[in-house]
Each structure stands twice: as structure tokens, then as C-alpha cells.
Amino acid sequence: MQSLKGKHIVLGISGGIAAYKSAYLLRLFIKAGAEVQVVITPNGKEFITPATLAALSGKPVVSEFFAANTGEWHSHVDLGLWSDLMVIAPATASTIGKMANGVADNMLITTYLSAKSHVMIAPAMDLDMWAHPSTQRNISTLQKDGVEIIMPSSGELASHLVGKGRMQEPDEILRRVELYFSQKESLKGKKILVTAGPTYENIDPVRFIGNYSSGKMGFAIAEEAAARGADVTLVTGPVSLDTACQSIRRIDVRSARQMLDAAEIAFEECDAAILSAAVADYAPEECHDSKIKREKTDGMILKLVKNPDIAATLGAKKKDKVLVGFALETDHEHDNAVEKMKKKSFDMIVLNSLQNPLAGFNKDTNQVCIIKKDGSETEYPAKSKREVASDILDNLEDFFK
Ligand code: C5P
């Protein structure tokens with residue numbers, strides 16, 4: 001599918017080792033139907049040749065203010081106006097610093113300063129450079145300027161050190177670009193609360209009761225809702241996910257109690273709540289102040305008390321808000337889901353199939369059946385969580401018609 005058909009992308013490349021991945025990223029953009037103009041910094045050319053990039057993009061690469069052979073002036077203003085999106089990948093610490101401070105000493109920065117379009121950067125650098133206060137200060141300046149940051153991931157770096165600073169893989173950058181262009185307005189003006197992830201219930205300062213929820217489904221819903229123009233509040237338990245979209249208001253919590261407190265506040269304002277969190281049903285009656293010593297006991301009985309049911313609490317005061325719940329059942333799945341929808345005053349329930357190995361915790365795919373309170377239901381095949389999020393929101397939008 002040519003998801004970027006007809007889009008004009010300026011691909012900025014600065015001088016870091018991750019520049020070798022930019023050729024693949026460029027290929028992905030072209031395959032998706034985009035027209036791409038590469039702008040590369042002088043240092044970038046040390047890592048990847050303009051000849052490779054020109055062959056892949058079908059356009060001469062722009063690097064200097066004046067073309068070497070003809071002396072022709074390259075207009076950064078024209079390029080800035082031509083672009084529907086500017087993506088700088090990799091963005092080095094130096095390029096980030098220059099962008100944040102308007103130091104326009106190369107073609108890439110002058111193009112950035114002239115760009116009327118949205119700008120995304122995919123930083124890539126060594127972990128200490130990434131963690132340095134000046135880099136972090138520059139990143140937050142760029143965020144305030146409206147630049148979208150595709151946060152680096154953790155892993156082995158070119159220095160062989162392990163930490164945060166790896167440029168996101170080209171596939172992930174493409175996904176973010178597609179996300180940007182797929183933005184719709186169908187949920188504009190709607191306030192949506194999403195709960196996601198597990199909850200951790202403390203036993204003592206170092207131990208807890210938790211579950212395997214990764215938060216991926218809830219994060220995909222929050223991203224898709226934001227892409228449709230909704231004003232999203234995401235209340236999440238402990239997860240290792242970044243929120244892709246800067247417009248999402250993210251509130252990190254740990255326990256079910258904390259999740260309830262945050263959700264209740266956001267619920268007052270919202271038009272719909274989608275409760276995808278895997279909330280622990282029970283919590284230890286007491287949380288010990290200090291670590292429980294093994295020597296002190298041969299065995300122990302942990303007394304658990306019931307956690308608040310966030311869904312039911314919100315359901316009791318929902319009025320005209322739309323409430324969407326999830327169900328994961330091992331037997332009589334369908335009947336139990338319908339029963340749960342009634343009990344918790346959901347308008348719609350998303351039943352996760354446990355029959356399919358492509359569904360469930362920590363997977364990138366999910367298979368669901370969506371049941372509405374009017375009795376209608378749709379079974380979907382296994383899809384990526386992002387596509388499932390889209391199906392859920394299509395169904396949610398029916399309630400706003
Ligand atoms: O009862 P069960 O946990 O299967 O219900 C699942 C649905 O209820 C999910 O939407 C989940 O987020 C929500 N839930 C909740 N608070 C709880 C337990 C579940 O909001 N304490």
C-alpha cells in the first residue's frame with residue numbers, strides 16, 4: 001500500500017554512524033510512494049555517499065549552499081516550502097544543538113529554519129552524549145518549538161557501550177511518518193481517557209504483585225485516538241514504552257489505587273474512557289516499610305484485600321459518557337464478556353481471544369471480538385495492535401454520531 005503517495009519529504013541526514021540506516025529509510029519512503037529530497041550535512045557525507053542517496057531518491061542530493069559543478073544556488077526557502085514533512089535521521093547532538101539555537105551554518109539547518117512543515121527528528125548518539133544536560137536541554141527546547149522527537153532506543157551503540165542513544169529502526173520511523181500523515185479529525189474536540197498496562201501492588205519496598213501486561217494495546221489506542229484529533233489522557237501502570245505522540249497527556253501510576261485516583265480526575269472531563277489496563281484484583285493488606293527478611297520466616301501467608309474496580313467505579317457515575325472495557329476470559333468467553341459489560345455499565349466491550357497464539361500479553365498482534373450494548377458484535381481476524389486500535393475507535397465513533 002502506498003501510504004505516502006504524493007507526499008513531499010525532506011530527509012535530513014547528519015554525521016553519525018546511524019547514517020548508514022538512512023539509505024534504507026529513504027528506500028522505505030520511496031516504496032511507500034513519497035517523493036524525497038535528501039539534504040545532508042558535510043559530516044554526513046563522511047558516513048554515506050551522496051551517490052547512493054541520489055540513486056535511491058532519483059534526485060541530486062543537496063548539501064552545499066552552492067552546487068559544486070554549476071555554482072547554482074540551492075534555495076533552502078524553496079525546499080522548506082516544498083516539504084510536507086521534514087525528517088532528520090540521524091540527528092546528531094551537534095545538529096540538535098544547532099537546531100535548538102538557530103545556528104544556520106549548513107544547508108540542513110537553513111532548510112529546517114525555513115521549513116513550514118512539521119519536523120521530526122530521530123536522534124542518534126552515544127549514551128553519555130544523549131544523557132548530557134545540554135543535549136536534554138536542547139531536546140526540550142525543540143519539543144517546545146513543536147519538533148517531534150522520535151526518541152532513541154536502548155541497546156548496543158557503535159562505541160560498544162550499551163545504553164540509550166540508538167536511532168530508532170527505519171521501520172519504526174516510517175510508522176511514525178505514516179501516523180503523522182494518517183491524522184484525521186474524526187475525534188477532534190473529544191476528550192478521551194485511556195488506562196493501560198499492569199498495576200504493581202507493593203508487598204515491601206522491593207517486592208510487588210504484578211502481571212504480564214505490556215501496555216502495548218492501550219498505548220496503540222491512545223496514539224490512534226490522538227491521530228484522530230482527540231485530546232487524550234493516558235493513565236498507565238509501569239511499562240517500558242514511550243508515548244509516540246507529544247499531544248498525549250501521560251500520567252504514570254503504579255498501583256490500582258493510584259490508577260483509580262488519576263482516572264477519576266480525568267474521567268470528570270472526558271467524553272469517553274477506554275479501560276484497557278490489566279488492573280490487579282487484589283493487593284497486600286499491608287505494605288511493609290522495610291524488606292521482609294527471609295530468615296525471619298519459614299513460610300508466610302500474604303493477606304490480600306480486594307482492589308477497587310476502576311471500571312465499575314467510573315461506570316456508576318458515567319451519565320452520557322461512553323465507557324469501553326476489555327475482557328480476557330478462559331471459558332464461556334462470550335457470555336462472560338456480555339455479563340461483564342452489563343455489570344460494569346460498559347457501552348462496548350473488547351473481548352480478547354485466548355484461542356489465537358497471535359493474541360494476548362506482550363504481543364504486537366491481537367485478535368478481538370467487539371460487542372456493543374445493543375447486542376451487535378463483530379469478530380475481527382488477528383491484526384497488529386495499531387489496526388485493532390483503529391477498529392476499536394471506529395466502533396467508538398458510532399456512539400458520537
Ligand atoms: O473483571 P475484569 O478484570 O476481567 O474486567 C476487565 C475490565 O475491567 C477491563 O476493562 C479492566 O481495565 C477493567 N478493570 C478495572 N478495575 C479493576 C479490574 C478491571 O478497571 N480493578
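First listed ligand is number 1; within each ligand, the first listed atom is number 1. Values reported hereafter were calculated over all heavy atoms of this structure, with side chains retained and with hydrogens, waters and symmetry mates removed. Because the structure is predicted, anything quoted here is derived from the model rather than measured.
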Around [atom], find the nearest protein heavy atom and jot down its residue, atom name and distance.
{"atom": "atom 6 (C) of ligand 1", "value": "Phe326 O, 3.0 Å"}
{"atom": "atom 21 (N) of ligand 1", "value": "Pro308 O, 2.9 Å"}
{"atom": "atom 17 (C) of ligand 1", "value": "Val279 CB, 3.5 Å"}
{"atom": "atom 5 (O) of ligand 1", "value": "Lys344 NZ, 3.1 Å"}

Indicate yes or no: does an N/O atom of [X] lie under 3.5 Å from an N/O atom of ligand 1?
{"X": "Lys340", "result": "yes"}
{"X": "Gly325", "result": "no"}
{"X": "Val324", "result": "no"}
{"X": "Thr195", "result": "no"}

One thing to verify: whether [Y] and [X] come together as a salt bridge, which I'm taking to mean a side-chain N less than 4.0 angstrom from a carboxylate O.
{"X": "Lys344", "Y": "Asp309", "result": "yes"}
{"X": "Asp347", "Y": "Lys321", "result": "no"}
{"X": "Glu185", "Y": "Arg228", "result": "no"}
{"X": "Glu35", "Y": "Lys59", "result": "yes"}
{"X": "Glu268", "Y": "Lys317", "result": "no"}
{"X": "Arg386", "Y": "Glu224", "result": "yes"}
{"X": "Arg249", "Y": "Asp231", "result": "yes"}

- Message: Could you tell me if the side chain of Ile88 sits less than 4.5 Å from the side chain of Val39, heavy atoms only?
- Response: no
- Task: For residues Phe346 and Lys372, determine if any side-chain heavy atom of one lies less than 4.5 Å from a side-chain heavy atom of the other.
- Result: no
Atoms of ligand 1 less than 4.0 Å from [X] heavy atoms?
{"X": "Ile310", "result": "15 (C), 16 (N), 17 (C), 20 (O), 21 (N)"}
{"X": "Leu275", "result": "9 (C), 10 (O), 11 (C), 12 (O)"}
{"X": "Ala311", "result": "8 (O), 13 (C), 15 (C), 16 (N), 20 (O)"}
{"X": "Ala277", "result": "11 (C), 12 (O)"}

- Is the closest heavy-atom distance from Asp309 to ligand 1 below 4.0 Å? yes
